[in-house]
Amino acid sequence: MRCDQTAAWKDLQQHAQAFQGFDLRTAFAVDAARSQTLSQTAPHVFADLSKNHLDAATELLLQTLAEQTGLEAHRDAMFRGEHINLSEDRAVMHWLLRQPAGSLSGPLAEPLGQVHDTLDAMLAYAEQVRSDTQITDVVNIGIGGSDLGPQMAVLALQDFALQGKQFHFVSNVDGHELAGVLRGLKAESTLFLIASKTFTTLETMTNARSALQWFKAQGGRDVARHFAALTTNVAAAADMGITTCFGFWDWVGGRYSLWSAIGLPVAMAVGAAGFKDLLAGAHAMDQHFQTAPLAHNLPVRLGLLDVWYRNFLHYTSRSIAPYHSALRRMPAYLQQLEMESNGKRVDRTGQALTYETAPVLWGEPGTNGQHAYFQMLHQGTDIVPMEFMAVTKPTHNLKDHHELLLANVLAQAQALMLGKSEAGGHKHFPGNRPSTFLLLDALTPASLGALVALQEHRVFVSGSVWGINSFDQWGVELGKVLAQDIHSRIVSGDASGLDASTAALLQRIRA
Ligand code: F6P
């Protein structure tokens, strides 16, 4: 049943009205167990939800909403491999990529076998490249899910990475990016990974062609050794002359493809064992999501909190603050995950919705954000739920730094909640500003895998409750089509039939 038709939806609307005077400081004062009841552990992740604008009654109502919208049946359909991506008639099985070999019987046994055959081949190749000392630079050319996941993970796991190889990520069609990377490279010591699920994406194809031209112009001959394609479209890669190829399947969405051949740069950086640990961490979170009761299921609790904030308290964004510099691309990665998955205005059957869906996601690593936009979070007119991420144990031994970092993340969450009364306006902090705190013991391949899978599943939960298809992205198509038309007009100068603004800009660009 659609969420806005359920009894729980109406109950939550009423509950939200009664909730208007809610104050975090009072909530903690009257409930000594609040921090405990609104915290939990999940594989590799401890989560404290207690500084959020909700209470036990809110969570109960949200769980009822999940039941009435069939969340568990929908989740189970995904894990059975049903075609829950209705508009593209596809299964949604990124989770299968981290399923241990031989662990499934029935119709999924065969695709699982293919997953492991490809994984073995990809990891063997990763190890071969790792031990190839002539290759000093690996350039990943891809965009969106074929860039953000591997880039985020290679950065996040830099302390586990092999020394002596540089990883570069080129995504933008803006030639300044590729030219800047190529400037420092030599053909004989560079490996290009052309990462594209479809092998049709304009940016990636343009960059790949330019990289091939550059390679040949530098005297490079052996394309099979210096170029590899990571794609579901092996034929298109072969048409470009790239025969070293690692495939995946249409049931892996681009923004969910880190675990597939798209993760090859990660495997090259951290090795086969490290990549397997990443998969194992994610698999542990898959199992938690599949088996934990709703009340103690972390992706469910986070996804339902997102629904509560968006539809009942009407908060429009969520700010991500990873207090670990290696997680600095996490906000960008999560932006695609949340906003491309759940930025939808129709339900699964194409009917227009009358309620809000994905929030705006944004953020920067801490403590940097504190000296930039945290002013608005503390004293601005909007309430922005924060999501802090912190790691208990550092991997460096520089004195004082980590204690200061952790002191800051705790202090920010505390300051947002407690505020400070002061006469005179400017120095007054209203407090009562909500935040979630995610804590990893250490940032490792396994804990990163669990953290990312947690985020994937929380996006599934809110998308499922909203009744939308979180696995298509039709909204990116119109701009692509119009860009083709305008590209030919930039070349020809033909502005006929264009709207007045676009025509004037075109003429100015060509002048
Ligand atoms: O345009 C959006 C998109 O299709 C994303 O969903 C995807 O991650 C990205 O482009 C890249 O697509 P591909 O891997 O097919 O090049």
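No experiment lies behind these values; they were computed from the predicted model shown. Note that ligands are numbered from 1 as they come in the structure, with each ligand's atoms numbered from 1 the same way.
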*Look at the aromatic rings of Phe289 and Phe460 and report parallel, tilted or perpendicular, splitting at 30° and 60°.*
perpendicular
*Check each protein residue for a heavy atom under 4.0 Å from ligand 1 and list those that pass, ordered by chain and number.*
Ile143, Gly144, Gly145, Ser146, Ser196, Lys197, Thr198, Thr201, Gly254, Gln336, Glu340, Gln473, Val476, Lys480
*State, without any angle test, whether Glu88 and Trp474 hold a side-chain donor-acceptor pair at a distance under 3.5 Å.*
no
*Relative to the ring of Phe192, is the ring of Phe215 parallel (under 30°), tilted (30 to 60°) or perpendicular (over 60°)?*
perpendicular
_Can you confirm whether or not the ring centre of Tyr309 sits under 6.0 Å from the ring centre of His314?_
no
*asked:* Checking side-chain polar atoms at under 3.5 Å, does Arg255 have a donor or acceptor matched by the opposite partner on Ser341?
replied: yes
*Could you tell me if the ring centre of Trp9 sits under 6.0 Å from that of Tyr355?*
yes
